[in-house]
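Here's the structure, in structure tokens; my notes come after.
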Amino acid sequence: MEQREQYRQLIEQYRTTTLAETEQIFCRSTGKPNSSSQNIALPVINLCEMPNTSTKTRSIIPVQETSQRNFIATHQPSPTSFKSFHRSPTSCQVLGSEESKLKDLNSVENKSSSKNVCVPSSSRLNSSPAPSGHHNINLSSSSALHTPNGGSAKIDWFSPSSPYLCKTFVTDLMNTYGRRERDRKRMLVEEETRARLLKEKRETKDKMLAEMLEKRLHFSTEDDVEVIPELTPEMEDAVKNALIPYPQGEVLAESFNISITRQHMSTLAGLNWLNDEIINYYMELIVQRSKEVDNLPDAHAMNTFFYPKLSTQGYRPIRRWTKKVDIFSKKLIFFPIHLGVHWTLAVADFRSKEITYYDSMGGSNHKCLETIKMYLASEHLDKKKTSYDVSDWKTTNMSPDEIPQQLNGSDCGVFTCTFAEFISRKATLSFTQDDMPLIRLTMIWEILQAKLTR
């Protein structure tokens with residue numbers, strides 16, 4: 001805006017100067033120059049008294065102030081005479097000659113401090129105040145141009161090469177500022193494209209994460225989801241009473257040669273880890289139900305201490321653990337696996353000849369599967385006195401997207417018991433981490449009643 005205002009003022013100044021010249025009035029005041037503005041007052045001079053312009057350079061004879069007023073009042077040029085004068089070759093010569101004299105006079109004024117100034121024709125102009133009603137006009141032909149990059153350059157405004165007077169000024173101005181506008185639009189398009197790509201990338205990432213979580217949590221359709229039944233008020237009262245910690249040694253349930261005390265039952269409260277007694281007792285409840293319900297596969301569960309001893313000491317220390325049961329007559333064998341601070345489950349299915357490993361934290365255990373396979377061969381040879389071919393048995397580690405996964409570090413024992421309970425009745429593994437609090441309370445009630453509710 002500052003450059004535009006400067007340009008407008010220069011054009012007005014140029015027009016004023018041109019009109020003053022074409023009015024046939026050329027006079028100048030030789031007063032002391034103004035150091036702050038460099039403005040020069042132009043008094044009226046009589047062009048009619050000037051000799052023929054075709055001769056060599058002439059002197060400019062100033063007219064006294066009173067004569068100037070009379071001359072202006074009686075010799076105002078008409079528009080027609082103004083146009084004809086402007087088109088006359090002679091008048092153009094006069095204008096050009098007088099313009100050069102003004103420039104010479106301007107240079108002389110800068111060097112002289114006297115009131116009388118010498119002109120090229122050796123004539124002198126007497127000092128005279130500016131006529132009343134006339135404005136000071138800045139005839140300085142150079143000024144500072146503020147460039148777009150913040151710098152400045154000297155510009156001769158009256159030169160034909162001046163950027164403000166050339167024919168292509170408007171075009172150049174539009175190209176300069178139009179390029180900036182195009183650059184801004186280009187940057188805007190680039191930022192919009194970048195934002196769109198980032199949004200698409202974020203949406204794709206969120207979609208992939210949602211799919212991973214869905215597989216991890218093993219979401220099922222409404223038809224496959226099994227609703228865990230809520231406890232009745234009577235059941236809730238019994239459960240609350242069982243969770244009273246004292247006296248710790250009081251036996252609350254006793255079956256399958258296993259005694260469950262208040263201390264053992266407290267492991268089912270909150271986020272406590274389950275101990276061996278609770279898991280062994282619950283596994284026996286599963287085996288008992290398989291014997292009582294006709295349409296369920298016959299099952300057997302190994303003790304929680306079975307696998308640690310088998311994996312560390314081999315078959316011989318545990319060969320008598322199954323002297324009263326023929327495991328080869330069963331359909332399912334459950335192996336609770338304790339890995340120090342984590343519970344998992346291995347299941348041997350004699351119907352499909354497959355050993356499957358279930359880990360609620362997504363782990364795999366090929367060593368465990370191979371150990372159980374070799375145990376089956378050793379058990380058959382010890383009890384049946386014949387070799388047992390296990391080469392056609394399949395071992396499988398269930399992946400996290402195939403089975404429910406726990407979202408904390410304390411529910412692995414509950415997940416292990418629930419895996420066995422669902423598998424023993426051929427139910428879809430549709431439970432989730434959200435079901436764990438209710439399943440814990442249900443297990444307490446089932447242990448107290450020595451019977452599963454489902």
Side-chain angles (χ1 to χ4, degrees), residues 256-260 263-264 267 272-287 299-330 332-350 353-400 403 406 409-421 423-424:
F256 320 112
N257 295 326
I258 302 174
S259 298
I260 302 297
Q263 183 179 5
H264 298 152
T267 62
N272 295 327
W273 293 357
L274 272 60
N275 61 6
D276 296 276
E277 286 75 13
I278 293 294
I279 293 180
N280 287 329
Y281 196 97
Y282 198 80
M283 290 293 174
E284 291 297 334
L285 291 178
I286 295 175
V287 172
H300 177 73
M302 296 297 184
N303 191 278
T304 56
F305 301 99
F306 175 85
Y307 178 76
K309 188 174 287 292
L310 174 66
S311 60
T312 56
Q313 301 181 23
Y315 174 75
R316 192 169 190 82
I318 48 89
R319 59 185 293 269
R320 296 177 59 85
W321 287 29
T322 55
K323 64 179 181 179
K324 295 181 179 181
V325 60
D326 183 8
I327 63 173
F328 297 99
S329 64
K330 307 296 180 180
L332 294 174
I333 306 294
F334 295 106
F335 297 88
I337 308 298
H338 189 233
L339 301 177
V341 293
H342 184 50
W343 289 102
T344 62
L345 179 69
V347 181
D349 191 339
F350 284 88
K353 291 187 177 182
E354 182 178 11
I355 305 174
T356 309
Y357 187 77
Y358 296 85
D359 189 345
S360 60
M361 297 193 73
S364 59
N365 197 337
H366 296 284
K367 178 182 177 181
C368 173
L369 297 177
E370 292 300 325
T371 301
I372 293 176
K373 182 190 290 188
M374 297 307 299
Y375 164 76
L376 296 178
S378 301
E379 178 72 5
H380 194 277
L381 183 61
D382 182 70
K383 299 298 189 296
K384 305 292 184 179
K385 307 303 180 182
T386 59
S387 59
Y388 185 71
D389 185 14
V390 294
S391 59
D392 55 346
W393 277 66
K394 181 181 178 181
T395 57
T396 304
N397 287 283
M398 299 298 289
S399 61
I403 60 175
Q406 68 183 87
S410 57
D411 283 333
C412 56
V414 183
F415 269 86
T416 297
C417 293
T418 309
F419 282 144
E421 195 276 320
I423 294 171
S424 66

Checking [X] side chain against [Y] main chain: does a donor-acceptor pair fall under 3.5 Å?
{"X": "Lys373", "Y": "Ser391", "answer": "no"}
{"X": "Asn275", "Y": "Ile278", "answer": "yes"}
{"X": "Trp393", "Y": "Leu376", "answer": "no"}
{"X": "Thr416", "Y": "Trp343", "answer": "yes"}
{"X": "Asn280", "Y": "Thr304", "answer": "yes"}

Side-chain touch [X]/[Y], heavy atoms, less than 4.5 angstrom:
{"X": "Tyr357", "Y": "Thr395", "result": "no"}
{"X": "Leu339", "Y": "Thr344", "result": "yes"}
{"X": "Ile355", "Y": "Glu370", "result": "no"}
{"X": "Cys368", "Y": "Phe335", "result": "no"}

Quiz item: Does atom CG of Asn257 have more than 12 heavy-atom neighbours, drawn from other residues, nucleotides or ligands, at distances under 6.0 Å?
Solution: no
Exercise. Can you establish whether the number of heavy atoms outside Trp273 located under 6.0 Å from its atom CH2 is more than 12?
Key: no
Quiz item: For Asp382, which of Arg319, Lys323, Arg316, Arg320 qualifies under salt bridge (Lys or Arg N to Asp or Glu O under 4.0 Å)?
Solution: Arg319
Quiz item: What pair of heavy atoms forms the shortest contact from Met283 to Cys417, and how long is it?
Solution: CE-CA, 4.3 Å
Quiz prompt | Under the ring-ring contact (aromatic ring centres under 6.0 Å, His included) test, residues paired with Tyr375 that sit two or more places apart | solution = Phe306, Tyr315
Exercise. State which residues pass side chain to side chain donor-acceptor pair (under 3.5 Å) with Lys353; sequence neighbours excluded, sorted by chain then number.
Key: Asp392
Quiz item: Is there a donor in the side chain of Asn272 and an acceptor in the side chain of Thr267, or the other way round, less than 3.5 Å apart?
Solution: no
Quiz item: Looking just at side-chain N and O atoms, do His380 and Ser387 make a donor-acceptor pair shorter than 3.5 Å?
Solution: no
